[in-house]
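One structure is given here, and the rest of the page talks about it.
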Amino acid sequence: AGHTVTEQFAALKASLAEFQLKDVPGYGDSAFIGRSDSSGIATGGIYVLKGGYIFFVVYLQGTVPGDDVLETAATTILGELP
C-alpha cells in the first residue's frame with residue numbers, strides 16, 4: 001500500500017528541514033512557506049496540500065518574492081482545483 005497524500009506532504013515538509021519553514025493558515029488543508037539562502041543561493045516557495053492534491057510554487061535566485069506574492073500564486077492555483 002502507498003502513502004496517503006497527507007503522509008506525502010509531511011514527508012515533503014520534513015525533507016525541507018534545513019529551510020526556514022513557516023506555516024501559513026488559510027490555504028488548502030495545510031500550507032507552509034520554506035526559504036533557504038545557504039551557499040548564497042536563494043531558493044524557496046509555498047507548498048500546499050488540498051484534498052488529494054499537493055502543489056508548490058518555487059523560486060531560485062533572481063528577485064526573492066515576498067510571502068504575499070507566494071500566497072497570491074497559491075490562491076490562483078487553489079481556484080483552479082476541483
Evaluation steps, side chain to side chain contact (heavy atoms under 4.5 Å, CB included), between V57 and I77: CA-CA 9 Å; V57 178; I77 294 167; 3.5 Å; yes
field: Interatomic distance, I33 atom CD1 to L70 atom CG [nearest 0.5 angstrom]
entry: 5.0 Å
List, one per line, each side-chain donor-acceptor pair under 3.5 Å for residues 49-56, sequence neighbours excluded.
none

- line: Heavy-atom closest pair (K13 atom, D23 atom, distance to 0.1 Å) is NZ-OD1, 2.6 Å
- prompt: Are V69 and L78 co-members of a hydrophobic cluster defined by side-chain heavy atoms under 4.5 Å apart?
  reply: no
Neighbour count above 12 (heavy atom, 6.0 Å) for E18 CD: no
- prompt: So how far is it from R35 CZ to Y59 OH, rounded to the nearest 0.5 Å?
  reply: 4.0 Å
message: Can you give me the closest heavy-atom contact between Q8 and H3, atom names plus distance?
response: NE2-O, 3.2 Å
query: For the residue pair Y27 and A74, what are the closest heavy atoms and their distance?
result: CD2-CB, 4.2 Å
Minimum heavy-atom distance L21-G34, with the two atoms named: CD2-CA, 3.7 Å
- line: Interatomic distance, CD1@I46 vs OG1@T75, rounded to 0.5 Å, equals 7.5 Å
- request: State, with a plain yes or no, whether a side-chain heavy atom of Y47 is found less than 4.5 Å away from one of V58.
  value: yes
- prompt: When you look at D29 and F9, which way does the side chain to side chain contact (heavy atoms under 4.5 Å, CB included) test go after all the steps?
  reply: CA-CA 11 Å; D29 299 321; F9 191 72; over 6 Å; no
query: Roughly how far, to the nearest 0.5 Å, is the CD atom of E71 from the OG1 atom of T76?
result: 12.0 Å
